[in-house]
Amino acid sequence: MSRKVRQGRVKGHVKSIRISPGSPSGRQREEGKRQQQALVRALTKKGGGILSEPCQDSVGSAGQPGMAEAADPRRWQTLEDRKHCGQNLYYQLYRQTMDHLPRDAHRFCDPELPAARRKELLRLLRGLDNDLSCQRLQILFAFSVPCPEALQLISDVGLPVVSAGAGTGYWEFLLQNRGVDVVAFDENSIYPQEMRYTEMMAGGPGILEQFSDRALLLAWPDAEESSTFSLDCLGQYRGDTILHVGELLGETFSSNPWGQSTSRDFQLALADDFCCVRRLGLPQWPGHRDSLSVWKRKNPQPVLCDGAHFHYVDMSRPGAPE
C-alpha cells in the first residue's frame with residue numbers, strides 16, 4: 001500500500017508519481033517519476049532472489065532481528081531480505097532514520113530557513129542515493145509507516161480486508177502475517193513482481209462489488225487532487241467499514257487543505273455516508289501528517305430527535321470503541 005509511488009489504475013486514471021514531502025509541480029512530478037523508474041530498474045537488476053537462510057544475519061541478542069543489523073542497507077537489498085521473516089523492518093528503519101535526522105529536518109519548507117539549508121534538507125530527505133532517505137524507503141516499502149499499534153487496530157476490527165490500490169503490498173503482507181485475511185488489487189505498472197510483498201489482483205474499483213463482506217483499506221490512493229480513484233472505490237463499495245490511511249482535511253502540511261492522500265470530493269462523500277469511529281496517529285515522516293482512521297457506514301435514514309436529525313451508526317460492530 002503505497003502513496004505515492006503510484007500510477008493509474010483504471011479507465012484513464014493515470015496517476016503520476018507522488019513526490020514526498022510537499023506538493024510538487026508537474027515538472028517535479030515527472031522528474032520524480034523518472035527517478036522512481038530508474039530506482040526500480042536498479043533494484044530489479046539486483047534481483048529479488050530468496051536467500052537460503054534469509055534471517056540468520058539479522059538476528060539480535062534476543063533471537064529477533066536487531067535494529068542495528070536491520071539498518072545496514074546491505075541486509076535488505078532483495079525482496080526476501082525486506083520481508084525480514086515477517087518482522088516489521090520498515091518501522092525499524094523509520095526509527096533508525098528519524099534518530100539520525102538533524103533537528104531542523106522538519107524545516108525543509110520553512111521560508112525563514114536559508115535556501116541553501118532547505119536544499120540540503122530536501123536532498124537528505126529525498127535523495128535516492130541515500131539508502132536511508134525517506135523517499136527511498138517509501139518507494140521500497142510504503143508511504144505511510146505501519147506501526148505495531150496500527151496493525152493491531154486493523155486486526156481488532158475483526159473483518160477480512162480488501163485493499164484497493166495496494167502498491168507494493170507491504171501493509172497487506174504484515175497484516176497477513178498477523179492472521180488477517182487480506183485480498184489486494186492494483187493496476188500499478190511501475191512495480192515489477194519482484195518488488196511486491198504479496199500477491200494481488202489486477203483490476204479497478206469495480207472489483208469491490210465482490211467484497212461487500214470485507215473492510216475496505218485505502219492507503220494514499222490518490223496521487224493528485226484530480227484523481228477519482230478513491231471516489232470511484234467509495235461508489236463501488238457496498239460494505240460498512242472503511243480503513244483510511246493518510247492525511248485528512250486540516251491534518252496536512254500541504255498547501256492543499258485536504259491533504260496529499262485522498263481528494264476533496266472523496267472526503268466529502270466519505271463524511272456524508274460514514275462516521276469516523278476510531279483514529280490513530282501514525283509515525284510521521286517530515287512533511288506528513290498520517291493517521292489510520294476507521295469509518296462505519298451510517299444508516300441512511302435520518303431520525304428527528306428533539307429538533308435535530310441524527311443518523312444511527314451501529315457502534316457494536318467490530319472496530320467501534322468500547
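Judged by distance alone, with hydrogens and angles left aside, the side-chain atoms of Asp186 form a donor-acceptor pair with the main-chain N or O of Ala166 at under 3.5 Å. Proximity of a side-chain donor or acceptor of Gln267 to a complementary backbone N or O of Thr262 within less than 3.5 Å is detected. A distance-only check finds no donor-acceptor pair linking the side chain of Arg82 to the backbone of Leu89 [under 3.5 Å]. Side chain of Ser133 to backbone of Leu128: no donor-acceptor contact under 3.5 angstrom is found. Side-chain atoms of Gln284 come within 3.5 Å of backbone atoms of Leu282 as a donor-acceptor pair (strictly under, hydrogens ignored).
When the side chain to side chain contact (heavy atoms under 4.5 Å, CB included) test is applied to Glu149, the partners found at least two apart in sequence or on another chain are Cys147, Leu280. Contacts of Gln176 classified as side chain to side chain contact (heavy atoms under 4.5 Å, CB included), with partners at least two apart in sequence or in another chain: Val182, Thr198. In this structure, the salt bridge (charged side-chain N to carboxylate O under 4.0 Å, His left out) partners of Glu120, at least two apart in sequence or on a different chain, are Arg117. By the ring pair (Phe, Tyr, Trp, His ring centres under 6.0 Å) test, Phe274 is found to be paired with no residue, residues two or more places apart in sequence or in another chain being considered. Scored by the salt bridge (charged side-chain N to carboxylate O under 4.0 Å, His left out) test, Asp273 finds no partners at all (sequence neighbours excluded). Residues satisfying the side chain to side chain donor-acceptor pair (under 3.5 Å) test with Arg214, not counting sequence neighbours, are Asp181. Here Arg178 pairs with nothing under the salt bridge (charged side-chain N to carboxylate O under 4.0 Å, His left out) rule; sequence neighbours left out. Under the side chain to side chain donor-acceptor pair (under 3.5 Å) criterion, Arg264 pairs with no residue, sequence neighbours left out. Considering only residues two or more places apart in sequence or on other chains, Asn130 meets the side chain to side chain donor-acceptor pair (under 3.5 Å) condition with none of them. Looking at residues two or more places apart in sequence or on another chain, you find a side chain to side chain contact (heavy atoms under 4.5 Å, CB included) between Ala269 and Leu231, Leu234. The side chain to side chain donor-acceptor pair (under 3.5 Å) search around Tyr90 returns Trp285, not counting sequence neighbours. Scanning for salt bridge (charged side-chain N to carboxylate O under 4.0 Å, His left out) contacts around Arg279 gives Glu251, with sequence neighbours left out.
Leu113 and Leu122 end up in the same hydrophobic cluster when Ile, Leu, Val, Met, Phe, Trp and Tyr side chains are linked at under 4.5 Å. A continuous path of Ile, Leu, Val, Met, Phe, Trp and Tyr side chains, each step under 4.5 Å between heavy atoms, connects Phe229 with Trp295, placing both in one hydrophobic cluster. In terms of hydrophobic clustering, with Ile, Leu, Val, Met, Phe, Trp and Tyr side chains grouped at heavy-atom distances under 4.5 Å, Val145 and Leu125 are assigned to a common cluster. Both Phe266 and Val162 belong to a common hydrophobic cluster when Ile, Leu, Val, Met, Phe, Trp and Tyr are linked at side-chain heavy-atom distances under 4.5 angstrom. In this structure, Trp171 is not a member of the same hydrophobic cluster as Met200, with clusters built from ILVMFWY side-chain heavy atoms closer than 4.5 Å.
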Check your understanding: After noting the C-alpha distance and the side-chain angles of Lys83 and Tyr197, does the key distance pass the side chain to side chain contact (heavy atoms under 4.5 Å, CB included) rule?
Key -> CA-CA 7 Å; Lys83 285 186 174 181; Tyr197 294 87; 3.9 Å; yes
Exercise for review: Start with the C-alpha gap between Leu292 and His244, add the side-chain angles, then the distance that decides, and say whether side chain to side chain contact (heavy atoms under 4.5 Å, CB included) holds.
Suggested key: CA-CA 6 Å; Leu292 164 64; His244 181 279; over 6 Å; no
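Between Arg118 and Asp110 there is no salt bridge, since no side-chain N of the basic residue sits under 4.0 Å from a carboxylate O of the acidic one.
For the residue pair Asp156/Gln152, the side-chain donor-acceptor check at 3.5 Å is satisfied.
Taken to the nearest 0.5 Å, the NZ atom of Lys119 stands 14.5 Å off from the CG atom of Leu124. Rounded to the nearest 0.5 angstrom, Asp213 CG and Thr241 OG1 are separated by 11.0 Å. Here Leu101 contributes atom CG and Leu132 contributes atom CG; the two are 9.5 Å apart, rounded to the nearest 0.5 Å. Atom CG of Leu243 and atom CZ of Arg278 lie 11.5 Å apart (nearest 0.5 Å). Considering CG of Leu137 and OG1 of Thr97, their distance stands at 5.0 Å, rounded to 0.5 Å. How far CG of Leu216 is from CG of Leu208: 5.5 Å, rounded to the nearest 0.5 Å.
Heavy-atom contacts from other residues, nucleotides or ligands closer than 6.0 Å to CD of Glu199 number 12 or fewer.
At a threshold of 4.5 Å between non-hydrogen side-chain atoms, the residues His288 and Trp220 count as touching.
In this pair, Phe173 and Tyr170 present their aromatic rings tilted. The plane angle is within the 30 to 60° band.
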